[in-house]
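Each remark here refers to the structure printed beneath this line.
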Number of protein chains: 2
Amino acid sequence: MAENSTGGTQTLTERQRQIAAAARALLDAEGPEGLTMRRVADALGIKAPSLYKHVPDKTALELLVVAGGFVEVAEALEAATADAAEPLPALAKAYRDYAVAHPHLYRLMNYQPLRRDLLPPGLEERAAMPLLAATGHDGDKARALWAFAHGMVSLEIDGRFPPDADLPAAWKAGLATFV
Amino acid sequence: MAENSTGGTQTLTERQRQIAAAARALLDAEGPEGLTMRRVADALGIKAPSLYKHVPDKTALELLVVAGGFVEVAEALEAATADAAEPLPALAKAYRDYAVAHPHLYRLMNYQPLRRDLLPPGLEERAAMPLLAATGHDGDKARALWAFAHGMVSLEIDGRFPPDADLPAAWKAGLATFV
DNA sequence: ACCGTGAAGCTAACAGCGTTAGCCAAGCGT
DNA sequence: ACGCTTGGCTAACGCTGTTAGCTTCACGGT
C-alpha cells in the first residue's frame with residue numbers, strides 16, 4: 001500500500017480516509033475534547049494502538065482533518081464568488097458561514113502555526129485565490145481582507161463580541177476599505 | 001485568608017500572585033507545553049497537589065495569567081495613545097508589539113471563549129476603551145478595528161502570512177477604512 | 001501552658017491521554 | 001508450503017490533571 005504518510009503528495013488509503021472522517025465527526029460534534037485517539041478508534045471499531053499503523057501520530061491525524069477543511073473552505077469561497085455581482089460581500093458571507101457552521105474545525109485550522117511540511121502543497125494558495133480576486137489582485141489588500149475576516153469570525157465564534165454587538169454593521173464598516 | 005477564589009472581586013493572596021508569576025514565566029519561555037501544574041509547582045518549590053490549596057484547577061490558574069495579560073494590554077494601549085497625534089496607528093503598533101512580544105500569552109488570552117464568570121469584571125471593557133477612542137467612539141468601527149488588528153497579529157504570530165508579505169502595507173491598507 | 005482549628009505542605013493513588021513493543025492471524029505471492 | 005506484509009490485538013509506559021488523606025506548624029482562645 002501507499003507509504004505510511006498522511007496528506008503528502010501521496011493519496012490517502014481508504015482507512016486513512018475513514019480515520020479522517022471519524023475524527024472530523026467527533027471534532028464537529030464534541031470539540032477538541034472529543035477528538036482523542038481512543039474515541040476515533042472506537043468509532044472505527046478498532047483499538048487506539050491500531051491507528052498507528054495508518055498515521056504516525058495524533059498531529060498527523062489532525063492534519064488529515066485540517067487538509068479536508070482547507071479544501072472545503074476553498075470550494076465554498078469559489079462557489080460564493082463565481083457568479084456574484086459583488087464578490088466581496090459574497091466572499092465575506094461565505095467565509096463567515098463556514099466558520100460559524102464549523103467552529104471547532106475552524107479553530108483547528110486557523111488557531112496555530114501550520115505544519116506546511118505535513119500538508120499537501122497548494123492548500124493555502126487555493127484558499128487565498130478568491131480573496132485576491134475580490135481585491136483586484138492587490139496582495140496587501142487581500143492580506144488585510146483575510147486578517148479582517150479571520151478576526152471577525154474568530155471573535156464571533158469565541159463569543160468575544162458584546163451580546164448586543166451589531167455584527168453586520170461591523171462587517172460593513174470593515175469591508176468599506178476593500179470595496 | 002481570602003476565599004479560595006481566583007481573580008474574582010476578591011484580591012489575590014500572595015501565594016496566588018506567586019503562582020501566576022511562575023505560570024506566566026513558564027508560558028512566555030516555553031509555550032503551552034511548558035505550562036503544567038507540575039512545572040509551576042516545581043518553580044515554587046512545592047509539589048503539584050499543593051497548588052490545589054490555592055487554585056481550584058488548572059483553568060483557574062491560567063485565568064490568573066490571562067487577567068494579568070488583559071491589564072498589561074490595556075496599559076500598553078492607553079500609554080500608546082495618550083499623547084499621540086495620530087492615535088490609530090499608535091494603537092495598532094502597540095497592539096501588534098504586545099502580541100509579537102508575548103505570542104503564547106496572546107494565544108491563551110484570545111484563542112478561545114473567555115470564562116468571564118471566572119475573571120474580574122471590566123477587563124475587556126478597559127481594553128476596548130482605546131479602540132473606541134481611536135474610532136471616534138463608533139462601536140461598529142471599533143469592533144471592526146479590533147477584528148482587523150486581532151486578525152493581523154494572529155496570522156503574523158502563527159506564521160500564516162507568506163514570508164514575503166509586506167505587513168506594513170497590509171496594515172496600512174486595512175487601517176485606511178478607520179482613519 | 002495547653003488545646004483546637006485552620007492552612008499548607010506532603011505522599012500515594014487515580015483516571016485518562018498519546019504512544020510503544022511485541023505478538024498473532026490472515027492474505028498474498030512465489 | 002512457506003515467507004513476508006499488513007493490520008489488528010494486549011500490555012505497558014510516561015505524562016498529565018486531580019483527589020484523598022495524612023502531617024506539621026502557627027495562631028488564637030481559654
Side-chain angles (χ1 to χ4, degrees), chain A residues 1-8 10-27 29-66 104 107-108 112 115 118, chain B residues 1-8 10-27 29-66 104 107-108 112 115 118:
Chain A
M1 65 165 213
E3 190 172 326
N4 190 11
S5 64
T6 62
Q10 315 250 11
T11 59
L12 298 181
T13 66
E14 174 58 22
R15 196 52 146 172
Q16 285 173 330
R17 277 192 286 273
Q18 291 172 352
I19 289 170
R24 170 66 186 275
L26 283 164
L27 179 66
E30 302 181 45
E33 294 79 22
L35 182 51
T36 71
M37 302 300 271
R38 285 172 173 83
R39 296 292 304 279
V40 173
D42 281 348
L44 294 167
I46 62 179
K47 301 294 184 182
S50 306
L51 292 173
Y52 295 87
K53 292 295 172 42
H54 305 281
V55 295
D57 53 30
K58 186 180 183 187
T59 294
L61 183 150
E62 290 179 337
L63 288 173
L64 292 178
V65 177
V66 164
H104 301 299
R107 293 188 185 101
L108 187 64
Q112 63 196 322
R115 293 299 306 273
L118 299 176
Chain B
M1 68 165 209
E3 193 173 322
N4 191 12
S5 63
T6 62
Q10 313 251 11
T11 59
L12 298 181
T13 67
E14 173 58 22
R15 197 50 146 174
Q16 283 172 330
R17 278 193 284 274
Q18 290 171 353
I19 289 170
R24 170 66 186 273
L26 282 163
L27 180 66
E30 301 180 45
E33 293 79 20
L35 183 50
T36 71
M37 301 300 273
R38 285 170 174 81
R39 294 292 304 281
V40 174
D42 282 347
L44 294 168
I46 61 179
K47 300 296 183 182
S50 305
L51 291 173
Y52 294 87
K53 292 294 171 48
H54 306 281
V55 295
D57 53 29
K58 187 181 184 187
T59 295
L61 184 149
E62 289 178 340
L63 288 173
L64 291 178
V65 178
V66 163
H104 301 300
R107 292 189 187 101
L108 187 65
Q112 61 197 325
R115 293 297 307 272
L118 299 178

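All values below come from the heavy atoms of this structure, side chains included, with hydrogens, waters and symmetry mates left out.
- Side-chain atoms of Gln16(A) never come within 3.5 Å of backbone atoms of Val55(A) as a donor-acceptor pair (strictly under, hydrogens ignored).
- The CD-C1' distance, from Gln18(A) to dG8(D), rounds to 14 Å in whole Å.
- Within the 4.0 Å cut-off from OP1 or OP2 of dA7(C), not a single side-chain nitrogen or oxygen of His54(B) is found.
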Give the C-alpha distance, both sets of side-chain angles, the deciding distance and a yes or no for side chain to side chain contact (heavy atoms under 4.5 Å, CB included) between Arg39(B) and Glu30(B). CA-CA 11 Å; Arg39(B) 294 292 304 281; Glu30(B) 301 180 45; 2.6 Å; yes

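- Arg38(A) contributes a side-chain N or O that forms a donor-acceptor pair with the base of dG18(C) under 3.5 Å.
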Go through it in stages, so that I can follow the logic: the residues are Leu61(A) and Met37(A), the test is side chain to side chain contact (heavy atoms under 4.5 Å, CB included), and I'd like the CA-CA distance, side-chain angles, deciding distance and then a yes or no. CA-CA 9 Å; Leu61(A) 183 150; Met37(A) 302 300 271; 3.9 Å; yes

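- Rounding to whole angstrom units, CD of residue Glu14(A) and P of dT6(D) are separated by 17 Å.
- Using a 4.0 Å cut-off, some side-chain N or O of Ser50(A) falls inside it from OP1 or OP2 of dC9(D).
- One atom, CD of Glu33(A), and another, P of dG18(C), lie 12 Å apart when rounded to the nearest Å.
- Atom CD1 of Ile19(A) and atom C1' of dT6(D) are 14 Å apart (whole Å).
- For Lys47(B) and dT24(D), the NZ to C1' distance is 17 Å, given to the nearest whole Å.
- In this structure, Arg39(A) places its CZ atom 12 Å from P of dG16(C), rounding to the nearest Å.
- When the nucleotides dC17(C), dT20(C), dC9(D) are ranked by their closest atom to the side chain of Thr36(A), dC17(C) comes out on top.
- Taking every side-chain heavy atom of Lys53(B) into account, dG9(C) is the closest of dG9(C), dG8(D), dT20(C).
- Rounded to whole angstrom, the span from the OH atom of Tyr52(B) across to the P atom of dC14(C) amounts to 17 Å.
- Minimum atom distance to the side chain of Pro49(B) is reached by dT11(C), of the listed dT11(C), dG8(D), dG9(C).
- Closest to the side chain of Met37(A), from the set dG22(C), dG18(C), dT18(D), is dG18(C).
- Evaluation of atom-type donor-acceptor distances gives no pair under 3.5 Å for the side chain of Lys58(B) against the base of dG17(D).
- OP1 or OP2 of dG9(C) lies within a sub-4.0 Å distance of a side-chain N or O belonging to Arg15(B).
- Across Leu12(A), Leu44(A), Thr13(A), Val65(A), a single residue satisfies side chain to side chain contact (heavy atoms under 4.5 Å, CB included) together with Ile19(A), and that is Leu44(A).
- To the nearest angstrom, P of dC17(C) lies 13 Å from CG of Leu51(A).
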Determine, stepwise, if the pair Ile46(A) / Arg15(A) fulfils side chain to side chain contact (heavy atoms under 4.5 Å, CB included). CA-CA 12 Å; Ile46(A) 62 179; Arg15(A) 196 52 146 172; 3.3 Å; yes

